[in-house]
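The block underneath contains the structure these notes are about, expressed in structure tokens.
Start at 1 with the first residue, then count along the sequence.
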Amino acid sequence: RAREPPHLVIHWKTNAPTPQPTELPSYSPTLSPTVPLDCMDKKGTFVTHGGESQPCSWLSTGNGSMKKDLNCKDQTHAEGVAMFCQSQCSAYNGCDELHCRDMTGTYVAHTGWTAECSWL
């Protein structure tokens with residue numbers, strides 16, 4: 001018996017449609033990525049307005065106010081200096097307006113003792 005050449009078979013049945021979407025919309029995305037504001041400088045280096053890599057401590061050496069003005073002001077993206085060096089750039093990123101308060105009550109210290117925040 002001679003071999004027959006292969007032939008294409010098309011399956012004409014379709015699967016059931018997918019369920020309808022929910023009526024409630026999902027949460028709207030944020031406009032841009034958010035970076036938590038912990039008001040602490042990150043470790044490592046950032047690229048200065050002049051293109052050099054420097055640690056955050058560089059912003060407070062020499063003419064620090066000019067360095068901060070030139071580097072911390074630009075907040076157009078989440079990776080900016082003001083968010084990388086949150087402590088050094090506190091006048092530009094909102095950290096100066098944050099006021100921390102100790103919580104009331106007690107906590108258990110690493111030694112197992114119970115203490116209030118005022119003890120620190």
> Going from SG on Cys85 to CE on Met40, what distance comes out if it is rounded to the nearest 0.5 angstrom?
Replying inline: 12.5 Å
> Quick one: side chain to side chain contact (heavy atoms under 4.5 Å, CB included) partners of Ser57, sequence neighbours excluded?
Replying inline: Pro55
> Just how far is it from atom CG of Asp38 to atom CE of Met83, taken to the nearest 0.5 Å?
Replying inline: 8.5 Å
> Atom NE2 of His49 and atom NZ of Lys73: how far apart are they, to the nearest 0.5 Å?
Replying inline: 12.5 Å
> Atom CD of Gln88 and atom SG of Cys72: how far apart are they, to the nearest 0.5 Å?
Replying inline: 8.0 Å
> Between Thr45 and Phe84, what is the shortest heavy-atom contact and its length?
Replying inline: O-CZ, 3.6 Å
>> Give me the atom names and distance for the closest heavy-atom approach of Cys95 to Gln86.
In response: SG-O, 3.9 Å
> At their closest point, which heavy atom of Asp96 faces which heavy atom of Ser90, and how far apart are they?
Replying inline: OD1-OG, 2.8 Å
>> If the condition is side chain to side chain donor-acceptor pair (under 3.5 Å), which residues does Lys68 pass it with, not counting sequence neighbours?
In response: none
> In terms of hydrophobic clusters joined by side-chain contacts under 4.5 Å, are Trp58 and Val81 together?
Replying inline: yes
> If you measure from CG on Asp69 to SG on Cys89, what distance do you get to the nearest 0.5 Å?
Replying inline: 10.5 Å
>> Under 3.5 Å, is there a donor on one side chain and an acceptor on the other for Lys67 and Thr48?
In response: no
